[in-house]
Visitor: 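Dropping the structure in here first, questions after.
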There are 2 protein chains.
Amino acid sequence: MAKLAGVSMATVSRALSSPSLVREDTLQRVRQAIDALGYVPDASARTLASGRSRTVAAVVPTLDNAIFSHAIQGMQQVLAAGGYQLLLGSHNYDPDTETDVVRALSERAVDAMVLVGADHAPDTLALLRQSGTRTILTWSLSSQYPCIGFDNFEIGAQAARHLYDLGHRRLGMISGIGAHNDRARLRTEGFLGTLRALRAPLAPGAVCEQPYTFAGGRAGLRAVLAQAPATPTAIFCGNDVLALGCLFEATAMGLDVPRQLSIVGCDDLPISAEVTPALTTIALESSELGRQTALALLRWLQDGIEPGRMEMPVALVQRGTTAPPGEPG
Amino acid sequence: MAKLAGVSMATVSRALSSPSLVREDTLQRVRQAIDALGYVPDASARTLASGRSRTVAAVVPTLDNAIFSHAIQGMQQVLAAGGYQLLLGSHNYDPDTETDVVRALSERAVDAMVLVGADHAPDTLALLRQSGTRTILTWSLSSQYPCIGFDNFEIGAQAARHLYDLGHRRLGMISGIGAHNDRARLRTEGFLGTLRALRAPLAPGAVCEQPYTFAGGRAGLRAVLAQAPATPTAIFCGNDVLALGCLFEATAMGLDVPRQLSIVGCDDLPISAEVTPALTTIALESSELGRQTALALLRWLQDGIEPGRMEMPVALVQRGTTAPPGEPG
DNA sequence: CTGAAAGCGCTAACAA
DNA sequence: TTGTTAGCGCTTTCAG
């Protein structure tokens, strides 16, 4: 034991966790002994005795979408700086898998859990409640749980207003899969609802659900063009992956973007500003969201301050894929 | 205790860890009691008593590069299926940060650690050795540690041969930062060495180190064009992010790719096949690498079979960004 | 400010 | 096959 090289084991513990309770010179001796013996405290014993694991778990749909990996990256960095570790889970947009993942993770005695979105199986939420795991929702806004998210309805609304203001009246949408995904549903509702209010409602068949892949974006464009009674002059896509797929397909079809077709995405991935034409999109600062989430978590775990409901800003950035219908960009 | 609703606590433990050692009917009673009381075993107590945490840690440079997030995603899924959790760390290509991260993680009593590349601070390795943490290296091949990786020298060599065979003789390269990054260095060496052997050595100033960002790729192209005594007809980039940045800049400069400039990348990101022209690149199956790593880890931890040295295949896929110099594509 | 002692909730021999 | 008995290595009252 490290205390052979000095004093008792309780003191070592204190020296590590609350140095302020230990006299300066004993502190020194303890520290010397520690790196003389290369002593490394055992986290599981610590956790068992103290009830806190200094570990938080994050469960995302997938890391294959850059938006989530950026958020995780931001979160992990802030957490690490605060002395916390990050356990990672993913469920690929399947609620049952999510429940399993959350169950497995909550056995780990994590101090907190971060989930994406507000749509979760009752079992998932029950698990969290009965294990008393502090939970924070991200990406969406909730009135029932602490959350840090975007106003997804407003995202759809902004896209609608932008396109309407440019003069577009025949619109289409390629949405993400709405089942178990409140972000996708709200963006769609925001878009459709706003257009309805502006008296430019979407034609039936002008909205198409697709998985969040380039192929989904391509297929979505084909479907919308095939289904809509009149060819839309502008399309809003549920995220940038879809929008990029849509853009690539439009280019491949020989459509002139934005002259013949305007496209709006959502997320503002790094690549979105680089493609030609650059994508008009609604910027969501996902790594900032990750950092803010971590900060809120740290405050909750260390100072006991429960996070409330925090809304992250969204902003449309106009670039090359939108222009008035039938006009030069 | 759950055993109130049946029998002793050792039996509960056995029922959970080695059901085969428990009679069928007692197993049933235990299970009933378990979900009647909503009992959840405590991982830290388990870890403390058994010495195994069923947790592995992975430390990557960053999740902002899709190549690493894909690998982590693949790894996490296989690990989860095997009942293991994934702790995540990142260091942003800084060896000192890596040491800190590894130290923090090794206190967690992780059963194994996966690192990226073969370049690590002596401290990092020492930490791992003295804590007895099983370690596996990924992305690179090593003769000293269990590893699953790519032959990075061969990657550079393949790019060189492809371009040489196409007829290019004036070549350039945009490399990643070589310090603390054996992958970047080996790819460069493979490219330069092979060209030298083919008697088409690079002109001084025709190779440029850049950070792995689109901006790096763009700056790299400008630097190479400005520095090289004769304008290269083809450029090899250390990864796809660089290659894409280079491609975007070339397009912006009005260069005709591939007629005036051929570009080869490395990684084969999903986006690389979608851009116009599509990127010729050397495909590395990073999510497969993640899955294989997880499988090897599981075998090591569960069956005691230490992984050896496993080489993952690399393959050049020719697409639209390479063609003979000065010829139509 | 520091030491002594009692667990935290489980697993792993060892008995029965 | 199941129960008993010790701890795993720390934190945390409670004394001193």
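What you see is a predicted model, and the numbers here were worked out from it, not measured in a lab. Throughout, a chain's letter reflects where its sequence line sits, starting with A, and its residues are numbered from 1.
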Visitor: In whole angstrom, give the distance that lies between atom CG of Leu37(A) and atom P of dG9(D).
Guide: 15 Å

Visitor: Taking atom CD as the centre, does Glu285(A) end up with more than 12 heavy-atom neighbours from other residues, nucleotides or ligands that are less than 6.0 angstrom away?
Guide: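 No - once you tally the heavy atoms of other residues, nucleotides and ligands closer than 6.0 Å, there are 12 at most.
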
Visitor: Not counting sequence neighbours, list each pair that qualifies as a salt bridge (Lys or Arg N to Asp or Glu O under 4.0 Å) and has a residue in residues 84-103 of chain B.
Guide: Asp100(B)-Arg103(B)

Visitor: Rounded to whole Å, how long is the line connecting atom CG of Asp25(A) with atom C1' of dT2(C)?
Guide: 12 Å

Visitor: Could you tell me how far apart Leu48(B) (CG) and dG7(C) (P) are, to the nearest whole angstrom?
Guide: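 Answer to the nearest Å: 17 Å.
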
Visitor: Grab the CG-C1' distance between Asp42(A) and dG7(D) for me, whole Å please.
Guide: 14 Å

Visitor: Rounded off to whole Å, could you give me the CD-to-C1' distance for the Gln28(B) and dT1(D) pair?
Guide: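 Rounded to the whole Å, the gap is 16 Å.
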
Visitor: Given dG3(D), dT1(D), dT2(C), which nucleotide is nearest the side-chain atoms of Ser8(B)?
Guide: dG3(D)

Visitor: Scan side-chain atoms only and decide if Thr99(B) and Thr124(B) contain a donor-acceptor pair under the 3.5 Å cut-off.
Guide: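 On atom types as modelled, these side chains qualify, holding a pair under 3.5 Å.
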
Visitor: Pick base, sugar-phosphate or nothing for Thr26(A), based on heavy-atom distances below 4.0 Å to the nucleic acid.
Guide: sugar-phosphate

Visitor: Testing the 3.5 Å rule here: is there a donor-acceptor pair between the side chains of Ser18(A) and Ser20(A)?
Guide: no

Visitor: What residues form a side chain to side chain donor-acceptor pair (under 3.5 Å) with Asn152(B), not counting sequence neighbours?
Guide: Arg187(B)

Visitor: Return each pair, listed once, that meets salt bridge (Lys or Arg N to Asp or Glu O under 4.0 Å) where at least one residue sits in residues 107-123 of chain A; pairs must be two or more places apart or across chains.
Guide: Asp119(A)-Arg185(A)

Visitor: Side chains of Ser44(B) and Thr47(B): is there a donor and an acceptor less than 3.5 Å apart?
Guide: no

Visitor: Looking at five pairs on each end of the helix from dC1(C)-dG16(D) to dA16(C)-dT1(D), what is the angle between the two axes, given to 10 degrees?
Guide: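 Between the first-five-pair axis and the last-five-pair axis there is 30°.
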
Visitor: Without hydrogens or angle criteria, can the side chains of Gln76(A) and Ser90(B) be said to hold a donor-acceptor pair below 3.5 Å?
Guide: yes

Visitor: Tell me, for nucleotides 11-16 of chain C in 5' to 3' order, what letter each nucleotide earns: B for a base near a protein heavy atom under 4.0 Å, S for only sugar-phosphate near one, - for neither?
Guide: BBB---

Visitor: Please figure out whether Val40(A) or Leu21(B) has its closest DNA chain D nucleotide nearer the 5' end.
Guide: Leu21(B)

Visitor: Sequence neighbours left out, what passes ring-ring contact (aromatic ring centres under 6.0 Å, His included) with Phe68(B)? Give chain and number order.
Guide: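 For Phe68(B), the residues satisfying ring-ring contact (aromatic ring centres under 6.0 Å, His included) (neighbours in sequence not counted) are Trp139(B).
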
Visitor: Distance check needed: dT2(D) P versus Arg23(B) CZ, whole Å only.
Guide: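 Checked: the CZ to P distance equals 5 Å.
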
Visitor: Would you mind reading off the distance between Arg54(A) atom CZ and dC10(D) atom P, rounded to a whole angstrom?
Guide: 16 Å

